[in-house]
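Let me begin by presenting the structure, written as structure tokens, before commenting on it.
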Amino acid sequence: MKQGNEPSQARLPLSWFRQGALPLAPQLLGRTIVRVTDEGVIRARIVETESYVAPHDKGCHAYNNRRTKRTETMFQRAGHAYVYLIYGMYHCLNVVAAEEGQAEAVLIRAVAPLTECDESIMKRYRSLSSNKFVNLSNGPGKLCRAMHIDKSFDGYDMIAGEEMWLEAGKPVMPEHILCATRINIPYAEEYADVLWRFYVADDPYVSVKDKQAVSLAVRERMLETFGSEDFGWN
DNA sequence: CCTGCGATGGCCT
DNA sequence: GGCCATCGCAGGA
């Protein structure tokens, strides 16, 4: 019998994934990512995300709707995984978030293992010798290594797939969500300063905490006031 | 706590 | 040839 506070294990449907990267990113927080590996099933809670939105976003690989072998996955239907290699040795996992032909995706930047069993498997894949468990998955490259996600999952269908998917979990309420600038995209010019990174306030697995972060509610009020992402801070 | 730096390879001009 | 949605380590405060 399901208890009232127990996180939902229902798979998230296509209609939920396709709402666009900006609405989706904060709603991904608190959801469960499930990965079926040779070492066992890993379940983890998403605690940090970033939105990437073609065509205008200069931080997005598909800026100006650039279609290349790598970015082609971002143009797929929502619910596919976009996985790419970064700095020659790490992978990053994104969830495609719009209609086919429209390149929007949400980068999963940090997750927290749900149980000691999850920790144990992730620790093995990470080759982590210390007991500083936050190091398992407090970063996009770390979580991919911990959950054994690599380029073979690029284009993977997370709505129907049997090796990796998302469950409803327990969404994080807006008052517990902070918004901040995205990490390591100084080249994105005016889009380097938009508050498109979202994370769970006070969660130890968040990769980078930003003193200037604002609550989701504040960001939305500012959007109404300024009518754009440019809040006049620069 | 912080800052700098090397690793390492696919991607894109 | 240069860049890169990263990480772990070294060294200093």
Side-chain angles (χ1 to χ4, degrees), chain A residues 20-22 24-26 28-29 33 44 46-76 80-98 102-112 122-156 158 178-199 204-213 229:
Chain A
L22 277 166
L24 191 64
L28 271 162
L29 301 175
I33 179 169
I46 298 172
V47 299
E48 182 182 354
T49 57
E50 279 179 2
S51 299
Y52 289 87
V53 185
H56 49 287
D57 175 11
K58 292 175 182 166
C60 179
H61 292 159
Y63 169 61
N64 208 14
N65 282 337
R66 197 169 44 146
R67 292 186 94 123
T68 67
K69 188 171 182 182
R70 180 176 64 163
T71 65
E72 200 55 38
T73 313
M74 287 191 82
F75 290 86
Q76 292 184 343
H80 289 267
Y82 168 46
V83 180
Y84 63 91
L85 181 69
I86 187 69
Y87 298 111
M89 56 186 107
Y90 299 104
H91 294 275
C92 288
L93 169 68
N94 295 250
V95 178
V96 177
Q102 186 176 339
E104 299 194 21
V106 179
L107 171 68
I108 310 299
R109 281 197 58 88
V111 303
M122 291 167 78
K123 188 172 173 181
R124 211 150 49 232
Y125 279 121
R126 275 281 279 141
S127 306
L128 186 76
S129 49
S130 79
N131 283 324
K132 294 200 65 172
F133 288 121
V134 295
N135 279 328
L136 286 174
S137 50
N138 62 345
K142 296 179 192 179
L143 76 89
C144 280
R145 190 153 291 181
M147 302 187 78
H148 206 230
I149 296 164
D150 62 17
K151 258 216 117 190
S152 68
F153 280 93
D154 185 38
Y156 192 83
M158 298 182 76
L178 291 178
C179 311
T181 56
R182 295 175 293 179
I183 302 294
N184 282 341
I185 48 160
Y187 53 86
E189 303 179 23
E190 69 270 31
Y191 286 92
D193 300 316
V194 295
L195 304 180
W196 289 0
R197 185 163 67 95
F198 304 89
Y199 59 88
Y205 282 81
V206 170
S207 66
V208 179
K209 308 207 177 184
D210 186 338
K211 281 195 285 193
Q212 312 215 59
E229 296 285 341

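Because only heavy atoms are used, hydrogens play no part in the values below, and waters and symmetry mates are left out as well, while side chains stay in. Within every chain, numbering begins at 1; the chains are lettered A, B, ... in the order of the sequence lines, protein sequences first and strands thereafter.
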In whole Å, I'd like the distance from the [atom1] atom of [X] to the [atom2] atom of [N].
X: Leu128(A); N: dC7(C); atom1: CG; atom2: P; value: 13 Å
X: Tyr82(A); N: dG10(B); atom1: OH; atom2: C1'; value: 11 Å
X: Leu93(A); N: dT6(C); atom1: CG; atom2: C1'; value: 15 Å
X: Glu72(A); N: dG10(B); atom1: CD; atom2: P; value: 20 Å
X: Tyr90(A); N: dT8(B); atom1: OH; atom2: P; value: 10 Å
X: Asp154(A); N: dG10(B); atom1: CG; atom2: C1'; value: 12 Å
X: Met89(A); N: dC4(C); atom1: CE; atom2: P; value: 16 Å
X: Ile86(A); N: dC11(B); atom1: CD1; atom2: P; value: 11 Å

Does [X] reach a base, just sugar-phosphate, or nothing at all? Heavy atoms under 4.0 Å.
X: Gly59(A); result: base
X: Gly88(A); result: base
X: Ile183(A); result: sugar-phosphate
X: Arg126(A); result: sugar-phosphate

Any donor-acceptor pair under 3.5 Å linking the side-chain atoms of [Y] with those of [X]?
X: Asn138(A); Y: Ser207(A); value: no
X: Asn135(A); Y: Lys123(A); value: no
X: Tyr52(A); Y: Glu50(A); value: yes

Earlier contact from the 5' end, DNA chain B, for Lys151(A) and Tyr87(A): Tyr87(A)
Aromatic ring proximity Tyr191(A)/His56(A), centre distance under 6.0 Å: yes
Ring centres under 6.0 angstrom apart (Tyr84(A), His61(A)): yes
Closest to the Pro140(A) side chain, choosing from dT6(C), dG9(B), dG8(C): dT6(C)
If only side-chain N and O atoms of [X] are considered, is one of them under 4.0 Å from the OP1 or OP2 phosphate oxygen of [N]?
X: Thr68(A); N: dC11(B); answer: no
X: Arg66(A); N: dC11(B); answer: no
X: Arg70(A); N: dG10(B); answer: no

Any-strand Watson-Crick or G-U partner of dG9(B), both distances under 3.5 Å: dC4(C)
